**Q** 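One structure, as structure tokens, below. Some questions next.
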Amino acid sequence: MLDIQMLRKDLPAVVAGLARRGVAFDEAGFRALEDERKGLQSRTEELQAKRNALSKQVGILKGKGEDASAVLAEVGGIGDGLKANESALAALQERLNAFLRTIPNLPRPEVAEGRSSEDNVEVRRRGAPRVFDFAPKDHVDVGAGLGLLDFDTAAKLSGARFSVLRGALARLHRALSQFMLDVHTREHGYTEVYVPYMVTGECADGVSSLAKFRDDLFKVEGRDLYLIPTAEYPVTNFVRDTLLEAKDLPLRFVCHSPCFRSEAGSYGKDTRGMIRQHQFDKVEILQVVHPERSAEAHEELTRHAEAILDRLELPYRTMMLCTGDLGFASAKTYDLEVWLPGQQAYREISSCSNYEAFQARRMQARFKGGEKGRAEPVHTLNGSGLAVGRTLVAILENGQQADGSVAVPAALVPYLGGVERIERA
RNA sequence: GGAGAGGUGGCAGAGUGGUCGAUCGCGUCAGACUCGAAAUCUGAAGUACCCUCCGGGGUACCGUGGGUUCGAAUCCCACCCUCUCCGCCA
């Protein structure tokens, strides 16, 4: 959420920032609500002060053994009016707060202005798409040809948007997570964590807006628990309601987890194959940093994700999302897009975002010991490093051979017990 | 599932109706001592919000939500969480 002080002191800047994302902000409506709040709060606090003072007098009088009935009569008259004011104020503050939590983050100034993914900006490109001397298949056909990718069984078990992997493909899937975890822990300085795959509504609302995105999540029936759509949900909440020391920063975590997404609103989109599933694995990298370090940390974290693609020899490009394509909580995002010969297109395989203080304010994650001397919100960042299912897709499509087998990237061979090629079972 | 104990400031831990926003300790910060450091001594400091003639004044917050009362950390009710023991269990 945005800093309420900023809305009060510099509303035009907020309005302008949101306009860059294509979000209209009701300036007059907000001002009116704020004025109402201010008046009501002053009146309420005045009454409370009066009651407190009189009550204190009662105590003093009674302590001396004197008669307090006159004061009691006076304070008795305050009660009803005060109660009415208090509940009106509470309701108003609740409304203001709920409203505040539905406002998206402001884009950083350097983020390119635009309306949709069409306007995203390519930052760099690595690796050239391979030239095939045969017509490359998509991963569904490659997987089916190997007899190791099975959507029919998955559909029988759980319906659409699930998959079953068998044999060498299941092992490749496991190997990918291990490989990514090893690189991030050994070479990039992240601490591996294992976490719950369900979180409370409060935690969900800490990383994004539960009110806005509830439908994207799977909820556990009869419980205030949601299946996580990414490890960002549990891991970022490590620091909720926490006061850190400046010297503890940065915190760096890497977490492999399944991710569950209802994919509401994506009907008809990517219905074929493993690109868009209700359940997929992801290795997520996260950082909690000093506010002054977050821009730098964002570049670094993005390179950490790119490093995985480099090692796997997969061609990709790095896109800076334009203001209109930015996620709700993000101030700046780089998407990594891997080349998929089967689709003849670059497709998202990682999203690396700097949330600045947006999530930290929502979840009260602060640190102390900075220059300001007082507690202030930390900055949070995260990125996929990488989405495991989509990486598997990329390997199947980029590594496919004319005979239907798939070449394993050299970096993964040790993780597959020396197997260099996946062949029909 | 059964029984019990408990949730208080960065941590630890007092406080059972009236100057308690809260004792003491540890830790933190500043100053003194020191060439410097340690030890010691002195002092400072919760968070959020409102008003301000910028000196300061005020409100709320003791797990959460209600209630009783002129007044609640303290009494009552509900809920959440943690710990211990027993049972069950991968």
Side-chain angles (χ1 to χ4, degrees), chain A residues 1-11 30-101 194-206 210 220 222-226 234 237-249 251 288 290 357 360-378:
Chain A
M1 99 183 131
L2 300 179
D3 184 357
I4 182 71
Q5 297 303 348
M6 187 180 181
L7 270 86
R8 285 173 186 155
K9 285 179 195 147
D10 197 1
L11 191 54
F30 176 76
R31 282 226 158 88
L33 212 57
E34 258 293 285
D35 285 346
E36 194 184 341
R37 192 217 91 239
K38 219 177 252 190
L40 194 53
Q41 183 163 349
S42 292
R43 282 197 300 282
T44 305
E45 291 185 354
E46 231 167 78
L47 286 174
Q48 286 170 327
K50 196 167 162 194
R51 178 206 56 198
N52 290 347
L54 290 173
S55 291
K56 193 169 270 185
Q57 264 186 51
V58 173
I60 293 168
L61 287 174
K62 289 203 168 170
K64 290 186 199 155
E66 291 174 22
D67 175 38
S69 57
V71 183
L72 280 174
E74 194 183 350
V75 76
I78 300 174
D80 289 345
L82 179 58
K83 274 227 166 79
N85 269 309
E86 277 176 342
S87 53
L89 179 63
L92 189 62
Q93 273 171 335
E94 189 45 50
R95 257 175 71 201
L96 257 167
N97 191 39
F99 169 68
L100 194 65
R101 293 184 81 89
Y194 169 82
V195 299
Y197 299 151
M198 303 172 209
V199 296
T200 63
E202 198 177 21
C203 287
D205 199 57
L210 186 57
V220 177
R223 292 250 197 175
D224 177 35
L225 287 174
Y226 297 83
N237 275 286
F238 278 15
V239 293
R240 89 173 289 111
D241 289 324
T242 300
L243 184 58
L244 296 157
E245 298 285 340
K247 62 176 163 54
D248 298 333
L249 301 175
L251 301 176
V288 176
H290 188 290
R361 268 187 229 107
R362 295 177 85 86
M363 62 176 75
Q364 292 256 50
R366 297 166 306 156
F367 79 101
K368 207 175 175 176
E371 306 69 44
K372 291 180 187 166
R374 49 174 302 178
E376 54 179 315
V378 294

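Small disclaimer: the values here were computed from a predicted structure and weren't measured. Residue numbers begin at 1 in each chain, while the letters A, B, ... track the order of the sequences.
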**Q** P atom, U64(B) versus A72(B): distance in rounded Å?
**A** 16 Å

**Q** Apply the test salt bridge (Lys or Arg N to Asp or Glu O under 4.0 Å) to residues Glu34(A) and Arg8(A): give CA-CA distance (whole Å), side-chain angles for both, the deciding distance (0.1 Å), then the verdict.
**A** CA-CA 8 Å; Glu34(A) 258 293 285; Arg8(A) 285 173 186 155; 3.0 Å; yes

**Q** Just how far, in rounded Å, is P of C29(B) from NZ of Lys368(A)?
**A** 11 Å

**Q** Could you tell me how far G65(B) sits from C81(B) if I compare only their C1' atoms? Round to whole Å.
**A** 15 Å

**Q** Please report the distance separating the P of C11(B) from the corresponding atom of C79(B), rounded so that it comes out in whole Å.
**A** 28 Å

**Q** Is there a donor-acceptor contact under 3.5 Å from the side chain of Thr242(A) to the main chain of Arg240(A)?
**A** yes

**Q** Write down the distance between CZ (Arg223(A)) and C1' (C79(B)), rounded to a whole number of angstrom.
**A** 14 Å

**Q** Applying the Watson-Crick and G-U wobble criteria at under 3.5 Å, what pairs with G21(B)? Answer none if nothing qualifies.
**A** none

**Q** Looking only at atom C1', what distance separates C50(B) and C54(B), rounded to whole Å?
**A** 15 Å

**Q** Can you measure Leu40(A) atom CG to U59(B) atom C1' for me and round it to whole angstrom units?
**A** 13 Å

**Q** Which nucleotide, if any, forms a Watson-Crick or G-U wobble pair with C49(B), using both distances under 3.5 Å?
**A** G58(B)

**Q** Mind telling me if G43(B) is syn or anti? Syn here is a glycosidic angle within 90° of 0.
**A** anti

**Q** On a whole-Å scale, what distance lies between the C1' atoms belonging to U42(B) and A22(B)?
**A** 24 Å

**Q** Tell me which residues in residues 50-60 of chain A lie within less than 4.0 Å of RNA chain B, going by non-hydrogen atoms.
**A** Arg51(A), Asn52(A), Ser55(A), Val58(A), Gly59(A)

**Q** Between Asp248(A) (side chain) and Glu245(A) (backbone), is there a donor-acceptor pair under 3.5 Å?
**A** yes

**Q** Strictly by Watson-Crick or wobble contacts shorter than 3.5 Å, is anything paired with A12(B), and which nucleotide is it?
**A** none

**Q** Can any side-chain N or O of Ser55(A) pair as donor or acceptor with the backbone N or O of Asn52(A) at less than 3.5 Å?
**A** no

**Q** Using atom P in both nucleotides, what's the gap between A12(B) and G21(B) to the nearest angstrom?
**A** 24 Å

**Q** In the strands shown, is U42(B) matched to any nucleotide by a Watson-Crick or G-U wobble pair with both distances under 3.5 Å, and which?
**A** A30(B)

**Q** Tell me whether the count of non-hydrogen atoms from other residues, nucleotides or ligands lying under 6.0 Å of CD in Gln93(A) goes above 12.
**A** yes

**Q** Are the side chain of Arg37(A) and the backbone of Ala32(A) linked by a donor-acceptor contact shorter than 3.5 Å?
**A** no

**Q** Rounding to an integer number of Å, can you tell me how far Glu86(A) CD sits from G65(B) P?
**A** 14 Å

**Q** Which whole number of Å gives the distance between the P atom of A39(B) and that of G27(B)?
**A** 8 Å

**Q** Rounding to an integer number of Å, can you tell me how far Leu61(A) CG sits from U19(B) C1'?
**A** 14 Å

**Q** Just verifying a value: how many Å separate Thr44(A) OG1 and Lys83(A) NZ, rounded to the nearest 0.5 Å?
**A** 13.5 Å

**Q** Between atom CG in Asp224(A) and atom C1' in C81(B), what is the gap in whole Å?
**A** 13 Å

**Q** Got a donor-acceptor contact below 3.5 angstrom from the Arg361(A) side chain to the Met1(A) backbone?
**A** yes

**Q** Expressed as a whole number of Å, how far does the P atom of C86(B) sit from that of U23(B)?
**A** 40 Å

**Q** So what's G6(B) paired with, Watson-Crick or G-U wobble, going by both distances under 3.5 Å?
**A** C81(B)

**Q** Considering heavy-atom distances to RNA chain B, does Lys83(A) or Thr44(A) have its closest nucleotide positioned more toward the 5' end?
**A** Thr44(A)

**Q** Spell out, as yes or no, whether a donor-acceptor pair under 3.5 Å connects the side chain of Asp241(A) to the backbone of Gln364(A).
**A** no

**Q** Whole-Å distance between G17(B) C1' and Lys62(A) NZ?
**A** 11 Å

**Q** Strictly distance-based, threshold 3.5 Å: is any side-chain N or O of Asn237(A) a donor or acceptor partner for the main-chain N or O of Cys203(A)?
**A** yes

**Q** Whole Å only: how far is the CG atom of Leu243(A) from the P atom of U28(B)?
**A** 15 Å

**Q** In Å and rounded to the nearest 0.5 Å, what is the CG to CZ distance from Leu2(A) to Arg362(A)?
**A** 9.5 Å

**Q** Reading nucleotides 48-56 of chain B 5' to 3', which nucleotides get B (base under 4.0 Å from a protein heavy atom), which S (sugar-phosphate only), which -?
**A** SSSS-----

